[in-house]
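One structure is given below, encoded as C-alpha coordinates.
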Amino acid sequence: MIIFTIISLILVSGRNEKTYAAIIATLLGTFISLFITYFVLWLTSEKGLRYEKLQFITRPYKLVFLAGLFLGSLGAVMDVAITMSSSIFGLYEKNNNISVKALVKSGREIGKDIIITIHLLVEKNCTKLD
(Lines give C-alpha, C1' and ligand atoms only; values in the text may rest on other atoms or scores of the structure.)
Protein backbone atom coordinates (compact mmCIF):
# COMPACT_ATOMS: atom_id res chain seq x y z
CA MET A 1 0.00 0.00 0.00
CA ILE A 2 2.83 2.37 0.81
CA ILE A 3 4.63 1.59 -2.47
CA PHE A 4 1.36 1.87 -4.44
CA THR A 5 0.62 5.28 -2.90
CA ILE A 6 4.09 6.64 -3.57
CA ILE A 7 4.32 5.37 -7.15
CA SER A 8 0.81 6.38 -8.19
CA LEU A 9 1.00 9.89 -6.75
CA ILE A 10 4.44 10.50 -8.25
CA LEU A 11 3.23 9.27 -11.65
CA VAL A 12 0.15 11.50 -11.50
CA SER A 13 1.63 14.68 -9.99
CA GLY A 14 5.37 14.40 -10.54
CA ARG A 15 8.17 14.74 -8.00
CA ASN A 16 7.54 17.94 -6.08
CA GLU A 17 6.65 19.20 -2.60
CA LYS A 18 2.92 19.03 -3.32
CA THR A 19 3.19 15.33 -4.13
CA TYR A 20 5.28 14.59 -1.05
CA ALA A 21 2.73 16.38 1.13
CA ALA A 22 -0.06 14.36 -0.50
CA ILE A 23 1.86 11.10 0.08
CA ILE A 24 2.34 11.86 3.77
CA ALA A 25 -1.29 12.95 4.16
CA THR A 26 -2.54 9.84 2.34
CA LEU A 27 -0.48 7.47 4.44
CA LEU A 28 -1.40 9.19 7.71
CA GLY A 29 -5.09 9.43 6.84
CA THR A 30 -5.33 5.83 5.70
CA PHE A 31 -3.49 4.41 8.70
CA ILE A 32 -5.49 6.53 11.14
CA SER A 33 -8.79 5.45 9.57
CA LEU A 34 -7.70 1.80 9.63
CA PHE A 35 -6.65 2.12 13.28
CA ILE A 36 -10.01 3.69 14.20
CA THR A 37 -11.86 0.94 12.33
CA TYR A 38 -9.85 -1.81 13.99
CA PHE A 39 -10.31 -0.18 17.42
CA VAL A 40 -14.09 0.13 16.97
CA LEU A 41 -14.32 -3.49 15.81
CA TRP A 42 -12.33 -4.57 18.86
CA LEU A 43 -14.35 -2.34 21.21
CA THR A 44 -17.71 -3.61 19.94
CA SER A 45 -16.56 -7.22 19.51
CA GLU A 46 -17.79 -6.91 15.90
CA LYS A 47 -21.42 -6.93 17.07
CA GLY A 48 -23.80 -5.74 14.38
CA LEU A 49 -21.32 -6.51 11.61
CA ARG A 50 -22.48 -9.17 9.17
CA TYR A 51 -20.26 -10.99 6.70
CA GLU A 52 -22.99 -12.48 4.48
CA LYS A 53 -21.35 -11.38 1.25
CA LEU A 54 -18.10 -12.99 2.33
CA GLN A 55 -19.50 -16.40 3.24
CA PHE A 56 -18.02 -18.19 0.20
CA ILE A 57 -14.41 -17.16 0.69
CA THR A 58 -11.80 -19.38 2.27
CA ARG A 59 -9.91 -16.63 4.09
CA PRO A 60 -10.80 -15.12 7.48
CA TYR A 61 -13.75 -12.76 7.03
CA LYS A 62 -12.38 -10.00 9.22
CA LEU A 63 -9.08 -9.75 7.31
CA VAL A 64 -10.83 -9.66 3.93
CA PHE A 65 -13.28 -7.06 5.22
CA LEU A 66 -10.45 -4.87 6.56
CA ALA A 67 -8.45 -5.26 3.33
CA GLY A 68 -11.45 -4.16 1.25
CA LEU A 69 -12.07 -1.23 3.57
CA PHE A 70 -8.39 -0.35 3.44
CA LEU A 71 -8.21 -0.34 -0.37
CA GLY A 72 -11.53 1.48 -0.71
CA SER A 73 -10.54 4.22 1.69
CA LEU A 74 -7.10 4.53 0.11
CA GLY A 75 -8.54 5.86 -3.14
CA ALA A 76 -10.76 8.39 -1.41
CA VAL A 77 -8.03 9.57 0.95
CA MET A 78 -5.56 9.85 -1.92
CA ASP A 79 -8.02 11.96 -3.91
CA VAL A 80 -8.71 14.30 -1.00
CA ALA A 81 -5.01 14.56 -0.09
CA ILE A 82 -3.94 15.59 -3.59
CA THR A 83 -6.85 18.05 -3.83
CA MET A 84 -5.99 19.66 -0.51
CA SER A 85 -2.25 19.84 -1.15
CA SER A 86 -2.76 21.24 -4.66
CA SER A 87 -5.11 23.92 -3.37
CA ILE A 88 -2.91 24.97 -0.49
CA PHE A 89 0.27 24.95 -2.55
CA GLY A 90 -1.58 26.98 -5.22
CA LEU A 91 -2.49 29.59 -2.61
CA TYR A 92 1.10 29.72 -1.40
CA GLU A 93 2.47 30.05 -4.95
CA LYS A 94 0.19 33.02 -5.64
CA ASN A 95 1.15 34.76 -2.40
CA ASN A 96 4.43 33.76 -0.74
CA ASN A 97 3.69 36.09 2.17
CA ILE A 98 0.48 34.32 3.19
CA SER A 99 0.46 33.35 6.84
CA VAL A 100 0.27 29.80 8.11
CA LYS A 101 -2.95 30.74 9.89
CA ALA A 102 -4.52 31.79 6.58
CA LEU A 103 -3.34 28.57 4.90
CA VAL A 104 -4.84 26.47 7.71
CA LYS A 105 -8.10 28.40 7.47
CA SER A 106 -8.21 27.88 3.70
CA GLY A 107 -7.45 24.17 4.16
CA ARG A 108 -10.32 23.86 6.62
CA GLU A 109 -12.71 25.57 4.20
CA ILE A 110 -11.66 23.25 1.39
CA GLY A 111 -12.08 20.28 3.72
CA LYS A 112 -15.56 21.47 4.70
CA ASP A 113 -16.54 21.68 1.04
CA ILE A 114 -15.31 18.13 0.43
CA ILE A 115 -17.13 16.79 3.50
CA ILE A 116 -20.37 18.54 2.53
CA THR A 117 -20.19 17.06 -0.96
CA ILE A 118 -19.62 13.56 0.42
CA HIS A 119 -22.44 14.02 2.94
CA LEU A 120 -24.86 15.13 0.24
CA LEU A 121 -23.94 12.17 -1.98
CA VAL A 122 -24.39 9.70 0.86
CA GLU A 123 -27.66 11.31 1.91
CA LYS A 124 -28.97 11.19 -1.67
CA ASN A 125 -28.05 7.52 -2.05
CA CYS A 126 -29.54 6.60 1.33
CA THR A 127 -32.88 8.20 0.43
CA LYS A 128 -32.94 6.12 -2.76
CA LEU A 129 -32.61 2.98 -0.62
CA ASP A 130 -35.58 3.97 1.57
Shortest non-hydrogen contact from Ala22 to Ala81?
O-CB, 3.7 Å
Just by modelled atom types, is the Gly14 backbone N or O under 3.5 Å from a matching donor or acceptor in the Thr19 side chain?
yes
Do Met84 and Ile114 have side chains that approach each other closer than 4.5 Å (heavy atoms only, starting at C-beta)?
yes
May I ask you to test the Ile23-Ile10 pair for a side-chain heavy-atom distance under 4.5 Å?
yes
Of all heavy-atom pairs between Asp79 and Ile82, which one has the smallest distance, and what is that distance?
O-CG2, 3.3 Å
Does one hydrophobic cluster hold both Ile2 and Leu34, with members joined at side-chain heavy-atom distances below 4.5 Å?
yes
Take atom CD1 of Ile3 as the centre, draw a 6.0 Å sphere, and report whether it contains more than 12 heavy atoms from other residues, nucleotides or ligands.
no
Non-hydrogen side-chain atoms of Phe39 and Trp42 separated by less than 4.5 Å:
yes
Does Ile98 belong to the same Ile/Leu/Val/Met/Phe/Trp/Tyr cluster as Ile88, with side-chain heavy atoms less than 4.5 Å apart forming each link?
yes
Rounded to the nearest 0.5 Å, the CZ atom of Phe70 sits from the CE atom of Met1 at a distance of 3.5 Å
Between OH of Tyr38 and CG of Leu66, what distance do you get to the nearest 0.5 Å?
8.0 Å
Measure from the side-chain N and O atoms of Ser86 to the backbone N and O of Thr83, and report whether any donor-acceptor pair falls under 3.5 Å.
no
Once you round to the nearest 0.5 Å, how far does CD1 of Ile6 lie from CZ of Arg15?
10.0 Å
same_hphob_cluster(Leu28, Leu71) at 4.5 Å side-chain heavy-atom cutoff:
no
Taking every heavy atom of Ser87 against every heavy atom of Ile110, the minimum-distance pair comes out as CB-CD1, 3.3 Å
Partners meeting side chain to side chain contact (heavy atoms under 4.5 Å, CB included) with Phe4 (sequence neighbours left out):
Ser8, Leu74, Met78
Just so I know, are the side chains of Leu91 and Leu103 near enough to count as touching, which here means a heavy-atom distance under 4.5 Å?
yes
Please check: side-chain N/O of Thr30 versus main-chain N/O of Leu27, any donor-acceptor pairing under 3.5 Å?
no
Value for CD1 (Ile32) from OG (Ser73), rounded to nearest 0.5 Å, stands at 12.0 Å
OH of Tyr92 to OG of Ser106, rounded to nearest 0.5 Å, is 14.0 Å
Just wondering, are more than 12 heavy atoms of other shown residues or ligands nearer than 6.0 Å to OH in Tyr20?
yes
